[in-house]
Amino acid sequence: MTPIGRYEFGIDAYLTDFRGKATLPMIGGFMLQAATKHAEERGFGYSAMTSQQRVWVLSRIAIEVFEYPKNDTVMVLKTWVASVNRLFTERHFSFEDEQGREIGFAKSLWASIDLETRKPTNVLELDGLSDYIAEKENPIEGMTKIPALKDDYEVATDFVVKYSDVDINKHLNSMKYIEHFVDVFDIDMFREKEIRRIEINYISEGRYGTKLDILKRTEKDNIFVLEMKDGDMTVCSTRIIWD
């Protein structure tokens, strides 16, 4: 089986926003589906991992979208393993339209944790994973350090983690973080601009029933840093760049 997986996703009306374009959380959901299928097909997906008392967790991600796909079009996602070390594997993505034109890229970092202890396991112990490393160009900047919000910020909103927010582990779904972050911005922002890049650092797990605050600071024009907090503990941080 080839190292690079190719998957098609139809952009239906219910997947788009008021502009008729796919939303960033929806694109993120497509990425998770593509990553899941790619891993399952090559023998290191959910079923194979749980049989070893392990599970994949998303640690960091950077997504750049040059052009958001529109209603009634097809988005093609390609995904591949870019590198493997003891603690992490790096997975990359490219986004294409139906004509094969590249409209975005993403880079992500995944850890393998023990199902019971929730502690990291050695990724290099996953037999065959390194065989699927692909040398494919990904031109976007890698995942960078997101500064902690210690001062000069506002509490933008808060929410309680509920049923529709959680995944199979009863923790906040990876893409729900994005959904709650982008909802901080007024709809007028989306009328005038696009989110060109988002970086997310997943630090700890948002648990069902927990009240989470979202802090926000404007770094400069069109660049924002946000944090999701459970009391004094940072659950997740993000940098969002508009254009």
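Basis for what follows: all heavy atoms, side chains included, without hydrogens, waters or symmetry-related copies.
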Determine, step by step, whether F105 and H92 satisfy the side-chain contact (heavy atoms from CB on, under 4.5 Å) criterion, reporting the C-alpha distance in whole Å, the side-chain angles of both residues, the deciding distance to 0.1 Å, and the verdict.
-> CA-CA 8 Å; F105 290 89; H92 289 187; over 6 Å; no

In plain terms, say whether K70 and D72 are close enough for a salt bridge, that is, a side-chain N and a carboxylate O under 4.0 Å apart.
-> no

Of all the heavy-atom pairs spanning R217 and D151, show the shortest one and how long it is.
-> NH1-O, 3.2 Å

Which heavy atom of F190 sits nearest a heavy atom of R19, and at what distance?
-> O-NH1, 3.0 Å

Report yes or no: is the cationic atom of K193 (NZ for Lys, CZ for Arg) under 6.0 Å from the centre of the six-membered ring of W242, at an angle within 45° of the ring normal?
-> no

K162 atom NZ, neighbour heavy-atom count above 12 within 6.0 Å = no

same_hphob_cluster(F30, Y68) at 4.5 Å side-chain heavy-atom cutoff | yes

What closest approach, in Å, do Y202 and S174 show between heavy atoms, and which atom pair accounts for it?
-> OH-O, 2.9 Å

Count the heavy atoms belonging to other residues, nucleotides or ligands that lie under 6.0 Å from CZ of F18, then report whether that count exceeds 12.
-> yes

Straight-line distance of I214 CD1 to H180 NE2, nearest 0.5 Å = 7.0 Å

Between E179 and K176, is there a side-chain N and carboxylate O pair less than 4.0 Å apart?
-> yes

Between E40 (side chain) and Y46 (backbone), is there a donor-acceptor pair under 3.5 Å?
-> yes

Less than 4.5 Å apart, any side-chain heavy atom of P120 and any of F88?
-> no

Please check if the side chain of Y177 supplies one atom and the backbone of N201 the other of a donor-acceptor pair under 3.5 Å.
-> no

Would I27 and M75 count as a side-chain contact (heavy atoms from CB on, under 4.5 Å) if you check the C-alpha gap in whole Å, the side-chain angles of each, and the deciding distance to 0.1 Å?
-> CA-CA 9 Å; I27 291 173; M75 183 178 185; 3.8 Å; yes

Using a 4.5 Å cut-off on heavy atoms from C-beta on, say whether the side chain of I113 contacts that of V55.
-> yes

Can you see which heavy atom on P3 is nearest to which on A134, and at what distance?
-> CB-CB, 3.8 Å

Taking T121 for its side chain and S112 for its backbone only, find out whether a donor-acceptor pair lies under 3.5 Å.
-> yes

M26 vs D17 side-chain heavy atoms within contact, under 4.5 Å = no

On a heavy-atom basis, the closest approach of T238 and I240 is OG1-CG1, 3.9 Å

Side-chain heavy-atom pair Y7, T36 within 4.5 angstrom cut-off | no

To the nearest 0.5 Å, how far apart are CE in M1 and CG in D131?
-> 13.5 Å

Judged by atom type as modelled, is there a donor-acceptor pair below 3.5 Å linking the side chain of K211 to the main-chain atoms of D158?
-> no

Nearest heavy atoms of R197 and A62, plus distance in Å = NH2-CB, 3.7 Å

For residues F44 and V81, determine if any side-chain heavy atom of one lies less than 4.5 Å from a side-chain heavy atom of the other.
-> yes

Passes side-chain contact (heavy atoms from CB on, under 4.5 Å), M31 versus F95? Steps please.
-> CA-CA 9 Å; M31 290 170 57; F95 313 145; 3.7 Å; yes

Contacts table for residues 141-150: side-chain donor-acceptor under 3.5 angstrom, sequence neighbours left out:
{"unit_1": "T144", "atom_1": "OG1", "unit_2": "E199", "atom_2": "OE1", "d": "2.6"}
{"unit_1": "T144", "atom_1": "OG1", "unit_2": "E199", "atom_2": "OE2", "d": "3.1"}
{"unit_1": "T144", "atom_1": "OG1", "unit_2": "R239", "atom_2": "NH1", "d": "3.0"}

Can you tell me how far the CG atom of D183 sits from the CG atom of D186, to the nearest 0.5 Å?
-> 11.0 Å

State yes or no: do I168 and L115 share one hydrophobic cluster built from I, L, V, M, F, W and Y residues joined by side-chain heavy-atom distances below 4.5 Å, directly or via other members?
-> yes

Rounded to the nearest 0.5 Å, the NZ atom of K229 sits from the OG1 atom of T234 at a distance of 3.0 Å

With hydrophobic residues grouped by side-chain heavy-atom distances under 4.5 Å, do I63 and L32 end up in a single group?
-> yes

E98 and T73: CA distance, side-chain angles, deciding distance, side-chain hydrogen bond (donor to acceptor under 3.5 Å, both in side chains) verdict = CA-CA 7 Å; E98 295 171 271; T73 63; 5.1 Å; no

Result for side-chain contact (heavy atoms from CB on, under 4.5 Å) between L172 and one of V166, D167, V161, V235 points to V161

Would you kindly confirm whether L215 and F185 end up in one hydrophobic cluster when ILVMFWY residues are joined by side chain heavy atoms under 4.5 Å apart?
-> no

Going from SG on C236 to CZ on R60, what distance comes out if it is rounded to the nearest 0.5 angstrom?
-> 10.5 Å

M49/L126 under side-chain contact (heavy atoms from CB on, under 4.5 Å): CA gap, chis, key distance, verdict | CA-CA 9 Å; M49 293 290 284; L126 298 173; 3.8 Å; yes

Do the side chains of Q33 and L77 get nearer than 4.5 Å, heavy atoms only?
-> no

W56 vs V123 side-chain heavy atoms within contact, under 4.5 Å = yes

Residue pair T16, K21: steps toward the side-chain hydrogen bond (donor to acceptor under 3.5 Å, both in side chains) verdict | CA-CA 5 Å; T16 63; K21 296 181 179 181; over 6 Å; no

Side chain R42, main chain H38, donor-acceptor under 3.5 Å = yes

Taking 4.0 angstrom as the limit, do D188 and R191 come out as a salt bridge?
-> yes

Does one hydrophobic cluster hold both L24 and V184, with members joined at side-chain heavy-atom distances below 4.5 Å?
-> yes

R196 (side chain) donor-acceptor with V65 (main chain) under 3.5 angstrom | yes

Distance from M228 atom CE to T210 atom OG1, nearest 0.5 Å?
-> 12.0 Å

Indicate yes or no for a side-chain donor-acceptor contact from D165 to the backbone of N173 under 3.5 Å, with no hydrogens or angles considered.
-> no

Does any non-hydrogen side-chain atom of D243 lie less than 4.5 Å from one of E194?
-> no

